[in-house]
Amino acid sequence: MIIVGVDGSAPARAAVEWAADDALRMHEPLRIIHAVDRSPYQIAKFPTAEWPDALIRGGEKALAEALAVAHERQPSVEATTRMLEGSPAQVLRDEGQDAAEIVVGSRGLGGFAGALLGSTGVNVAGRAPCPVVVVRGETGRRHGVVTVGVDDTSSCEPALPYAFEQARLRGSALRAVFAWDMPVYAFAPGPHDMDAIRQAACEVIDEHLERYKKEYPQVSVTEEVRASHPVDALRRASAESDLVVVGSHGQGALASMFLGSVSRGVLHHAQCPVAVVRAR
């Protein structure tokens, strides 16, 4: 099951199109969800009884439009709709328990996308039990490349099988990017073995990718080592990618720390859809 959150916005439409395409590739049904969050209106400023009905009508319209988009995009994909009560973040986490992935737009009308890129969204992307895809940037052009961020920690491990599988399903090449900040001493006088540093980075990439290269022999893999901040390197790579995949440490404080730096930066600045995959 692929979950896509909608709120009637244009980015939500793009998310539905992307999710429908991925549902076809993955042979998964598509569930379109709208969260009805009454909490902002349960205050004295809005005392009338009309607000709940307006929220329901708006949700029904958003779901009907999204379903039409899904049918138009991929008629053979089984698509259903569901309206649920609660905050977008909580609804996403609950619905993602048995999902293959969750898809949202990069911006919206205060619903899923607004939550995802705010403080609540850091929680969702770090704690959802499945990959969370934020559809942003130009999605119409196809570059035939999936990019995955690799580093010298275990945080990239959950992203690798997802990235390889996405590349296989799309018939795309996989680009593994390892970015490292230039050490301070590199700017000081004296000799520095930068080639040795770069070689060490290449060895890290090879160690992470070795297993998946064997499991996915049909996927063409290129490796890039860049002396750059990881966010900058992945942002630049995103201009020539159909998807950028980054990993997450998992639940709790570590997830929040990770998503507060590289993942969050990529989510805000990438020029293509971004998938955040956490360790299960």
Quick one: which residue pairs count as a salt bridge (charged side-chain N to carboxylate O under 4.0 Å, His left out) with a foot in residues 232-241, not counting sequence neighbours?
Arg175-Glu240
Partner residues of Glu207 under the side chain to side chain donor-acceptor pair (under 3.5 Å) criterion, sequence neighbours left out
none
Residue pair Gly86 / Ala35: nearest heavy atoms and the distance that separates them:
O-CB, 3.8 Å
So do Val135 and Pro11 actually touch side chain to side chain, heavy atoms under 4.5 Å?
no
I want to check something: taking the side chain as every heavy atom from C-beta on, are Ser172 and Val145 in contact at a cut-off of under 4.5 Å?
no
Non-hydrogen atoms of Ala100 and Pro131 that approach each other most closely:
O-CD, 3.2 Å
Provide the closest heavy-atom pair for Val134 versus Gly105 in the form atom of the first, atom of the second, distance.
CG1-O, 4.1 Å
Can you list everything that forms a side chain to side chain donor-acceptor pair (under 3.5 Å) with Tyr162? Sequence neighbours excluded, please.
Glu101, Gln166
Is the shortest heavy-atom distance from the side chain of Gln271 to the side chain of Ser241 under 4.5 Å?
no
Euclidean distance, Leu209 CG relative to Leu174 CG, rounded to 0.5 Å
7.0 Å
Minimum-distance pair of heavy atoms, taken over all atoms of Gly5 and Ala12
O-CB, 4.4 Å
Decide yes or no on side-chain contact (heavy atoms from CB on, under 4.5 Å) for Val219 and Tyr212, but give the supporting numbers first.
CA-CA 9 Å; Val219 175; Tyr212 300 104; over 6 Å; no
Would you say the side chain of Glu95 lies within less than 4.5 Å of the side chain of Met1, judging by non-hydrogen atoms?
no
My understanding is that only one of Leu55, Ile32, Val36, Val91 makes a side-chain contact (heavy atoms from CB on, under 4.5 Å) with Met83; could you say which?
Val36
Write out all pairs satisfying salt bridge (charged side-chain N to carboxylate O under 4.0 Å, His left out) with one or both partners inside residues 153-162, taking only residues at least two apart or from two chains.
none
Tell me, do Ser238 and Thr147 make a side-chain contact under 4.5 Å, heavy atoms counted?
no
How close do Asp7 and Ala62 get, counting heavy atoms only, and between which atoms?
C-CB, 3.9 Å
Hey, could you give me the CD1/CD1 distance between Ile33 and Ile3, rounded to the nearest 0.5 Å?
4.0 Å
In chain order, what residues pass the side-chain contact (heavy atoms from CB on, under 4.5 Å) check against Val69, with sequence neighbours excluded?
Arg13, Val16, Glu17
Taking side-chain contact (heavy atoms from CB on, under 4.5 Å) as the test, write out the residues that go with Gln218, two or more places apart.
Arg168, Tyr216
Taking His208 for the side chain and Asp151 for the main chain, is one N or O donor matched with an acceptor at less than 3.5 Å?
yes
What are the two closest non-hydrogen atoms of Ser263 and Gly247, and how far apart are they?
OG-O, 3.6 Å
Using a 3.5 Å distance criterion without hydrogens, assess whether the side chain of Arg31 forms a donor-acceptor pair with backbone atoms of Arg82.
no
Output all residues satisfying side chain to side chain donor-acceptor pair (under 3.5 Å) with Lys61, sequence neighbours left out; order by chain, then residue number.
none
With sequence neighbours left out, what residues match Glu28 under salt bridge (Lys or Arg N to Asp or Glu O under 4.0 Å)?
none
Heavy-atom side-chain proximity of Leu24 to Ser76 below 4.5 angstrom
yes
Sort out for me which residue in Arg142, Arg73, Arg170 forms a salt bridge (charged side-chain N to carboxylate O under 4.0 Å, His left out) with Asp21.
Arg73
Below 4.5 Å, heavy atoms only, C-beta onward: do Trp18 and Leu243 meet side chain to side chain?
yes
Under the side chain to side chain donor-acceptor pair (under 3.5 Å) rule, collect the residues that match up with Thr81, sequence neighbours excluded.
none
Mind checking what makes salt bridge (Lys or Arg N to Asp or Glu O under 4.0 Å) contact with Asp242, not counting sequence neighbours?
none
Test salt bridge (Lys or Arg N to Asp or Glu O under 4.0 Å) applied to Glu78 - qualifying residues, sequence neighbours left out
none
Measure the shortest side-chain to side-chain distance between Gln97 and Pro129 over non-hydrogen atoms and say whether it is less than 4.5 angstrom.
yes
Apply salt bridge (Lys or Arg N to Asp or Glu O under 4.0 Å) to Glu65 and list each qualifying residue two or more places apart in sequence or on a separate chain.
none
Begin from the C-alpha positions of Val150 and Leu160 and carry the test side-chain contact (heavy atoms from CB on, under 4.5 Å) through to its verdict.
CA-CA 8 Å; Val150 181; Leu160 294 176; 4.3 Å; yes
Report the distance from atom CZ of Arg226 to atom CG of Leu234, rounding to the nearest 0.5 Å.
8.0 Å
